[in-house]
Number of protein chains: 2
Amino acid sequence: MAKPSASALVDDTAAEIRARIMSGEIPIGAQLRQDDLAKSLGISRTPVREALRQLQAGGLIEVMPRRGAVVRVPAPWDVRETYEVRAELEGMACERAVSRITGDGLRELRRANDAVRPGAILSAGSSTAANDEFHTLIHGVAGNERLAKVIREINEAFPRNVSALVLQDNPRHREDNFHEHERIIAALEAEDAETARREMRAHVLSAGEQLARWYERRSATVFKG
Amino acid sequence: MAKPSASALVDDTAAEIRARIMSGEIPIGAQLRQDDLAKSLGISRTPVREALRQLQAGGLIEVMPRRGAVVRVPAPWDVRETYEVRAELEGMACERAVSRITGDGLRELRRANDAVRPGAILSAGSSTAANDEFHTLIHGVAGNERLAKVIREINEAFPRNVSALVLQDNPRHREDNFHEHERIIAALEAEDAETARREMRAHVLSAGEQLARWYERRSATVFKG
DNA sequence: GGAATAGTCATTGGATCCAAGGATCCAAAG
DNA sequence: CTTTGGATCCTTGGATCCAATGACTATTCC
């Protein structure tokens, strides 16, 4: 799928702003003033505006007419709904991967997952990186570009650093994560499509539930002050 | 899900251009010059540019840097991939609808489908309209906003008038369509989630196959001259 | 006569300019 | 002291201007 890439500058700008939000450098709920971003990137407001519109289409930010843009604060129910959809799609990808994956593919999955085995020393963010890699590998094997694209777009709806926090703060979740991945690999190896789909689905739903709980706790804290 | 709606003008512009493409007024493969669109809409090029970028994000058009935008010509394999994803999501929606649909909901579905029963007199485009309504009703009942949104976005990737042509030119397909809908309604009424999902999945896949074949015939014709 | 190159043209991309609208702050009145 | 009304300011949205680049054409050389 050849990316037409309308304009290098606008796309780069969008990518840069997205990265800053994903990394938490621009926090959830923060105001995004076009002039600030433009000066911070050394360009004029025009490409910034278009980039913001692109991010809005992805759902990462909200733009109120004449009132500016803010990084969207996901509601817990929205996180749950989104992860239900993602779970379905990742399950589909995993099922499709069963008949397509090779021995090399399985080895790669194991390697990606071993990086986060219980007891491993992890730098900040590396556990989400490994997690992302695991899923991306499966999307690649699934052999459906559109499917991969839709999942990617869904994942861009929420800041990535939050998922990192969820994993970092809870060794228990990290361990669960690891074992869920192991079960998925086992199902792929056994060529059990039904189980592969079910395990992946459960895995994503569980991750979504953790994320939704994190946002619930966050909003409770914010409301109290 | 409150739509932030960044700017009325840009969104309206995007909607207008999208409508023109969907209706076939702007044909597949046509060049889209910003200046023409701007003059045709009585506005400046700025909102047109942003609207085009929005349409590009949806995949309806392709923008090559410095070379302008064209209405994307979907490749048959792309149609098939996309409809596989859509089939999965519509199946999910249908499964979820089983436990949520009411008697009134079932009646509405029957009414929407009866409009296209074999032998009914149909005006141009009304069969796709009825088809769209049938699916939209189910999305509403499924009770997952994000799911409905993702399906909507996927549907916006291909011009709508082509689907209309596919149905209009083939009474046989229209009839098949009607019976597939009937089976889906029956499964919903019987509260058989598994069957509802399977029937909807098959229904969407079949529609996708027809659409892909249409594009195959089209490209064959074009290449011959 | 054909091909290559240079020059012109058309169209997009980015910057700047101007208008419009909402928020905030201050003052005045109840 | 509180509330309401107005004025000012800040930020975004749309229009216009200028630069950059790819396409088309004509001319010249082989």
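On a predicted model such as this, the values are computed, not experimentally measured, just so you know. In what follows, chains are A, B, ... by sequence order, proteins preceding strands, each numbered from 1.
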For this session: Would you confirm whether B:R96, through its side chain, and B:A142, through its main-chain N or O, come within 3.5 Å as a donor-acceptor pair?
Result: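 Judged by distance alone, yes, a pair lies under 3.5 Å.
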Could you state the [atom1]-[atom2] distance from [X] to [N], rounded to the nearest angstrom?
X     : N      : atom1 : atom2 : answer
A:E50 : C:dG14 : CD    : C1'   : 9 Å
B:D36 : C:dT12 : CG    : C1'   : 13 Å
B:L41 : D:dA15 : CG    : P     : 11 Å
B:L9  : C:dA20 : CG    : P     : 14 Å
A:K39 : D:dT12 : NZ    : P     : 11 Å
A:R49 : C:dC17 : CZ    : P     : 15 Å
A:R66 : C:dC18 : CZ    : P     : 16 Å
A:Q34 : C:dA15 : CD    : P     : 13 Å

For this session: Would you indicate what A:L52 reaches in the nucleic acid, counting non-hydrogen atoms under 4.0 angstrom: base, sugar-phosphate, or nothing?
Result: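 The residue A:L52 makes no contact with any strand.
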Problem set entry | Touch class at under 4.0 angstrom, heavy-atom based, for A:R33 against every strand present |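 The answer is sugar-phosphate, as A:R33 gets under 4.0 Å only of primed atoms, P, OP1 or OP2.
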Candidate nucleotides [options], ranked by approach to the side chain of [X] - the nearest:
X     : options                : result
B:S44 : D:dG13, C:dG13, D:dT16 : D:dT16
A:R45 : D:dT12, C:dG13, D:dA15 : D:dT12
A:R67 : C:dG22, D:dA15, C:dG14 : C:dG22

For this session: Specify the closest pair of heavy atoms between B:V79 and B:G208, including all atoms of both residues, with the distance to one decimal.
Result: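 The answer is CG1-O, 3.8 Å.
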When you compare the side chain of [Y] with that of [X], does any pair of heavy atoms fall below 4.5 Å?
X      : Y      : answer
A:H203 : A:S206 : no
B:V116 : B:F134 : no
A:R86  : A:R201 : no

Problem set entry | Residue whose closest nucleotide on DNA chain C lies nearer the 5' end, A:T46 versus B:Q31 |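 With A:T46 and B:Q31 compared, the 5'-side residue is B:Q31.
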